[in-house]
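For reference, the structure discussed in these notes is given below.
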Amino acid sequence: MIKEITNQYDANDIEKRVHAFWQEIDAYSKVREFRKGGKKLFFVDGPPYTTGNIHLGTAWNKIIKDSILRYRSMNNHAIIDRAGWDMHGLPIEVKVEGVLGFKSKKDIETYGVGNFIEKCKEFALNQKDDMTGQFNTLGVWLDWKDPYMTLRDEYIEAAWWTLKQAQEKNLLEQGKRVVNWCPRCETAIADSEVEYDDRTDPSIYVKFKLKGEENTYLVIWTTTPWTIPSNMAVAVHPSFEYSKIRATAPDGHEENLILASELVNDVLRKGKYTDYDVLETMLGEDLTKLSYEHPLADLVPKQAKFEHNVYLADYVTAENTGCVHIAPGHGMDDFDVGVKNDIPIFCPVGSNGSYTEEAGKYAGMNIIDANMIVIEDLKERGLLLSEKKITHRYGHCWRCNTPIIYLATEQWFLKISELKESMLAEIKKVDWYPDWAGSARFKDWVEGARDWCISRQRYWGIPIPVWKCSTCGTLDVIGTKDELIERSDAYETIELHRPYVDKITIKCECGGIMSRVEDVFDVWFDSAVASWATLKYPHTKESFEENWPADFITEGHDQTRGWFYSQLGASMVAFGKAPYKSVLMHGFTLDKDGKKMSKSVGNVVEPHEVIGKYGADTLRAYILSASAPWDDLKFLWEEVATVHRTMNIFWNVYRFPLPYMALDNFDPKKVSLESVSEHLRKEDRWILSRMQSVISDVDSAMEEYALHKAMRSITEFILEDLSRWYIQLIRPRTWIEAEDPDKLAVYRVLYDVFVTTTKLIAPFMPHLAEEMYTNLVKNVEGDALETVHMCDWPVVDDSLVDKDLEAHMETVRSIVESSSNARQKVARKLRWPVSRIVVTPKDEQIGAAIDDLRGVLMGQTNAKDVVVLDVGEYWDELGVEAIPNPSGIGPVFKGDAGKVTAAIQQADAVALKSAVADGGEFEVTLADGTSVTVTEKMVNFEEIIPESVASAEFAGGMVYVDAKLTREIESEGYSREVIRRVQDMRKELDLIVDENIKAFIRIDDERILDLVMDLEAFIAKEVRADLLVIGLDVEVTGTLVKDWDVEGVSMHVGISPL
RNA sequence: GGGCCCGUAGCUUAGACAGGUGGAGCACCCGGCUGAUAACCGGGAGGUCCUGCGUUCGAAUCGCAGCGGGCCCA
């Protein structure tokens, strides 16, 4: 049997119970098993990094995934959904270093790489367990028992295998390149690991002395003085105009400078030059014959041996001096210029950010410390033109926040730039939600794609499976663990991490020994192979062949440059096609001011705070309904509270009929919708039709992943249709005590609506849905499915759809609302009936709606009659007043205007109005007896509403509420006032609903008493009084006695239970 | 500096693709109901639709330019 429930929505209580139930029966596995014959859906979970704590954005991400997958499952999809964990990489190394108090790579080597790796592994696994618990609290169903983890051998093999594909397709390259380098972590870092922040640096203009020309200098600008020792060239734009000028320095001496013409004034101002003359102008391409002396050649001996020339580069902009300092070892563009022109790549800086021996005087010095020293040295040599500070955006290591530098180093690359065209073609085949995520944003990013540096000089990561022969230099890529064992002396139990694999050697064909290169993979490469690694490919092939590529993935828009990209890149290398068929890109969670949440700002809201206060379903409902998935979400506590209130209303709607159903032993098994169909009232058919419309609205919203629309139509149905309307309409029917088909019809309709709604909310509020399902379905049907999440998604029942009825009800509702408005104008409470309401409709549909739903309209307006006029008909009880319009009268009648005005006021307004209605004319007689013609422009009209009538506009016309009092109405009004007070006192005594009482009522006003006495019997029945005494001189006694003031009349009421 | 998204009432938003009198919720004020009751419901007030220019009979909506916010990039 259906049970009564608590009178408050207690999310934490419900969720605790539901989680225990899910765990007890292993609901997740049962549901997946139940649907295994359904349509296949391969979903890949973007693996969160195991930081230990989920934040609101991670919660949102998983809530979206969970809601969509639950919806698909109810629509009979067989889902593959292993949860994923990203567990390698620098972030964990940095955390473990912190725990162990390490400062640099040396500390790790001293501690032992093996020990360090074990710590990292332990750390990652612990964090994963913590986070799994947090996701469970949210009610997220993924395969948590068998998640894919990047640290597992089977996963590492997927990465190895992929690299082998790259080598076989000649897409793997080793070489010296300039990379982003973190001098603290002593490793290359990916473009995507660089975070840009403001930073203040020196901004210096330096003079490079030309060879073979006295007192003449090229002027360059830089914000990194420490790269001057590595300068190898100057680049200019071929088509810019450059000037050689004779400038007078602040100290009076003259010198010749070469720089872009349009920047001369600007630069001279910076150097405080007093005057100048242009000696000659030329194009950039004319400068290539120049060569210059390195400014610090005396301090960096190796520099004295290089030639320093001017080269052309199109990327040079007309900023600063137009002459760009080139240090091929310390800049991407610089490197390209160097390679193109065969300039030696001179890079006298080591991995820890200190100069090497090659840097001469600067050897051993930290580069940042060297900035000031370089500036001093330049100044001493008279080569510093200007020195200032500049605050600009500069890249930092995203994990340790150290300013990055660019270093030319030996790295491994995937040649993504060669795949760009096919990647762009693949993007078009993918379904993107929203469309611009792919067609604009992602396309834009891929167009700028560069070769991907996949090597890192670190410890905790997937080792790069390249073995190199120390004798002949041959390289070999190992694709699987089996291959490694076969080719070496490794055992089956070998662990594929450093330092264990580092010890494995392979015999080279030349007879030499091959050992592994020391690098590990960029951690982005780990997750890049997720779509096949999660299917355990290449270890097993069957599932891959059946399921790959993924049907669906969804992540935040930061993953455009991240996982969407890395997956595509790796997949193009491995298979030559995109690894996903459809992608939903979601937004970011921001704080209430629209700012990014960040620990340092202190504006972070944690998911568990929200859950603790309002429950997981509330958080889910809030996050899903607050904004479109692809828009950013401003987190507002007040909005969460509002959503929570809505859920409480839903709870109350659900609770409302349960006591009555329980009292009547209502059994849905015995009362079918068919069996009550003859007793269905219009409002019952209406709510059933609305229910169907909501199902179809939710379906179309889900079709385009518009989860917010789905949520909003459900919420609106609950609030507007159920709580504010249907429940109000049917309340009296639930109070009938006898076995009554009208009441049974309501029970059945409510039951169906509740069960359907329960299924509709199941993807979004899975706990509440489970709780309701247990009570409404499992408590009734012994053989019900075990959980609501096994149920089929509701299908629209066309036989219940009645769009006309829905439209009619909407019309009637708007009339009821307007009549409430009108009642307020005449201060007549709803408890008091009105004799009639009069509707003047704008179109035929209004009359049809009222005919259809007259009972509903009369009941909800508490009117004794409803009168509908014809379209265009004027209600003859309304008066009309003619208001003369001076601006129309004045120009025509000049001096007689006053008389005309008076005449219009005297005229028969009704006749006047109908005469001029369509531009017609009307004769009025002035006081002096003459007649004049009045036209439309000269007069306006106002309705005169009868006293005690009030009007209000609604979308389809006007409503007039006639609130004139009659004896009958006053009698009923006062009687209802009496009844309400007695009911209030019954409540105060906490009487059970059908308990009888005796009541004594004294009314201190003879007229009112007389009115009330008309309905004495009615009152007695309504308040269940076996003995009711009402009079002027009644002695008022009872268990509870109260004095009341009713519209200025004092009443004294005493009641007692019998 | 570039790409994409966003800008509507004090706050959160619908409407924009497809031009035709801008709709809700929260908060606020006023009221109703009283067998959902520490619940529920109605009404009111509140708008330079970011700004400017353009297209059009007509622009929140289309176009251009700018301003502000977010993400990403340089």
Side-chain angles (χ1 to χ4, degrees), chain A residues 5 7-9 191-192 194-196 315 317 319 332-333 392-393 395 434-445 447-448 556-562 565 585 587-596 622 625-628 630-643 645-646 648-660 663 708-709 712 715-716 719-720 722-725 727-728 731-732 734-735 813 816-825 827-832 860 862 952 976 979-988 991-994 1022-1024:
Chain A
I5 57 171
N7 57 8
Q8 285 278 307
Y9 169 59
D191 289 345
S192 51
V194 178
E195 278 195 348
Y196 291 83
Y315 74 85
T317 58
E319 291 168 297
M332 312 256 181
D333 290 328
H392 59 158
R393 304 276 285 171
D435 182 64
W436 51 260
S439 63
R441 202 173 183 136
F442 193 50
K443 175 168 164 275
D444 197 57
W445 169 251
E447 277 171 351
H557 46 52
D558 55 331
Q559 297 303 331
T560 301
R561 68 164 179 177
Y565 177 69
M585 184 186 80
F588 255 57
T589 46
L590 309 173
D591 76 356
K592 63 182 167 49
D593 302 316
K595 303 281 183 213
K596 195 175 174 172
Y622 165 67
S625 61
S627 64
W630 40 83
D631 283 338
D632 287 345
L633 172 93
K634 280 190 209 173
F635 185 90
L636 283 146
W637 278 105
E638 306 91 88
E639 301 286 321
V640 182
T642 303
V643 169
R645 196 184 66 107
T646 301
N648 193 38
I649 292 175
F650 182 42
W651 185 257
N652 274 294
V653 165
Y654 158 54
R655 176 168 74 106
F656 161 73
L658 298 186
Y660 310 116
L663 209 63
H708 62 307
K709 287 188 184 170
R712 287 172 192 178
T715 304
E716 194 177 307
L719 240 39
E720 286 297 331
L722 267 180
S723 171
R724 289 180 189 157
W725 199 242
I727 296 290
Q728 306 307 324
R731 280 165 70 172
T734 62
W735 303 334
R813 270 196 84 171
V816 171
E817 278 174 21
S818 296
S819 87
S820 306
N821 185 345
R823 270 178 179 272
Q824 267 183 240
K825 289 179 187 164
R828 186 60 39 83
K829 302 173 191 178
L830 189 57
R831 197 181 301 139
W832 290 59
Q860 293 311 107
N862 195 11
R976 289 203 181 276
I979 291 165
R980 204 217 102 194
R981 267 100 184 156
V982 178
Q983 298 286 32
D984 198 71
M985 291 168 71
R986 288 180 59 107
K987 190 84 200 167
E988 195 172 329
L991 301 183
I992 57 169
V993 171
D994 54 0
E1022 286 292 304
V1023 304
R1024 291 175 181 276

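As the structure is a computational prediction, the values presented were derived from the model and not from experiment. Proteins come first, then strands; the chains are lettered A, B, ... in the order of their sequence lines, and each starts at number 1. Worth knowing before you read on, the calculation uses all heavy atoms, side chains too, and leaves out hydrogens, waters and symmetry mates.
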Q) Does atom NZ of K829(A) have more than 12 heavy-atom neighbours, drawn from other residues, nucleotides or ligands, at distances under 6.0 Å? A)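 For K829(A), atom NZ is crowded (more than 12 foreign heavy atoms under 6.0 Å).
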(Q) Closest-nucleotide mapping onto RNA chain B: is L663(A) or H557(A) further toward the 5' terminus? I mean the 5' end. (A)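 This one resolves to L663(A).
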**Q.** Residue whose nearest RNA chain B nucleotide is more 5′ - S820(A) or R976(A)
**A.**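 Its nearest nucleotide being more 5', the pick is R976(A).
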Q | Shortest side-chain distance from E817(A), nucleotide among A14(B), G42(B), U34(B) | A |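 It is G42(B).
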Q: Go through C26(B), U34(B), G15(B) for me and flag the one nearest to the K709(A) side chain.
A: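 The answer is G15(B), which lies nearest to the side chain.
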[atom1] of [X] versus [atom2] of [N]: gap in Å, rounded?
{"X": "K634(A)", "N": "C71(B)", "atom1": "NZ", "atom2": "P", "value": "13 Å"}
{"X": "F650(A)", "N": "A39(B)", "atom1": "CZ", "atom2": "P", "value": "19 Å"}
{"X": "K443(A)", "N": "G3(B)", "atom1": "NZ", "atom2": "P", "value": "12 Å"}
{"X": "F656(A)", "N": "A39(B)", "atom1": "CZ", "atom2": "P", "value": "18 Å"}
{"X": "L633(A)", "N": "C71(B)", "atom1": "CG", "atom2": "C1'", "value": "14 Å"}
{"X": "Y622(A)", "N": "G25(B)", "atom1": "OH", "atom2": "P", "value": "18 Å"}
{"X": "I979(A)", "N": "C33(B)", "atom1": "CD1", "atom2": "C1'", "value": "14 Å"}
{"X": "L636(A)", "N": "G10(B)", "atom1": "CG", "atom2": "C1'", "value": "13 Å"}

Between [X] and [Y], is any pair of side-chain heavy atoms under 4.5 Å apart?
{"X": "N862(A)", "Y": "R823(A)", "answer": "yes"}
{"X": "E720(A)", "Y": "W725(A)", "answer": "no"}
{"X": "Y622(A)", "Y": "V640(A)", "answer": "yes"}
{"X": "E639(A)", "Y": "K634(A)", "answer": "no"}
{"X": "H557(A)", "Y": "D632(A)", "answer": "yes"}
{"X": "Q983(A)", "Y": "R980(A)", "answer": "no"}

Can you give me the N/O atom pairs linking the protein to nucleotides 27-32 of chain B at distances under 3.5 Å, or say none if there are none?
none

At under 4.0 Å between heavy atoms, what does [X] touch on the DNA or RNA strands: base, sugar-phosphate, or nothing?
{"X": "V653(A)", "answer": "base"}
{"X": "D444(A)", "answer": "sugar-phosphate"}
{"X": "E716(A)", "answer": "nothing"}
{"X": "R980(A)", "answer": "base"}
{"X": "Q983(A)", "answer": "base"}
{"X": "F442(A)", "answer": "nothing"}
{"X": "T560(A)", "answer": "nothing"}
{"X": "T646(A)", "answer": "nothing"}
{"X": "R1024(A)", "answer": "base"}

For [N], the Watson-Crick or wobble partner whose two distances fall under 3.5 Å:
{"N": "G1(B)", "value": "C73(B)"}
{"N": "A14(B)", "value": "none"}
{"N": "G44(B)", "value": "C28(B)"}
{"N": "A36(B)", "value": "none"}
{"N": "G52(B)", "value": "C64(B)"}
{"N": "G20(B)", "value": "C57(B)"}

Do the side-chain N or O atoms of [X] get closer than 4.0 angstrom to the phosphate oxygens (OP1, OP2) of [N]?
{"X": "Y660(A)", "N": "A36(B)", "answer": "yes"}
{"X": "R731(A)", "N": "A36(B)", "answer": "yes"}
{"X": "S723(A)", "N": "C41(B)", "answer": "yes"}

Q) Looking at CE of M585(A) and CD of Q559(A), how far apart are the two atoms once the value is rounded to the nearest 0.5 Å? A)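 That separation rounds to 11.0 Å.
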**Q.** Interatomic distance, L722(A) atom CG to I649(A) atom CD1 [nearest 0.5 angstrom]
**A.**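 So the gap between those two atoms works out to 11.5 Å.
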Q) Aromatic ring centroids of W445(A) and F442(A) under 6.0 Å? A)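 So the answer is no for these two rings.
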Just the table, please: protein N/O against nucleotides 4-7 of chain B N/O, every pair under 3.5 Å.
from, atom 1, to, atom 2, distance (Å)
C4(B), O2, R441(A), NH1, 3.4

Q.
Please check: side-chain N/O of R712(A) versus main-chain N/O of A626(A), any donor-acceptor pairing under 3.5 Å?
A.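 Here the side-chain-to-backbone pair exists.
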Q: Apply salt bridge (charged side-chain N to carboxylate O under 4.0 Å, His left out) to E447(A) and K443(A), showing your working.
A: CA-CA 6 Å; E447(A) 277 171 351; K443(A) 175 168 164 275; 3.5 Å; yes
Q) Say you pick atom P in C11(B) and the same atom in G43(B); how far apart are they, in whole Å? A)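 To the nearest whole Å, 24 Å.
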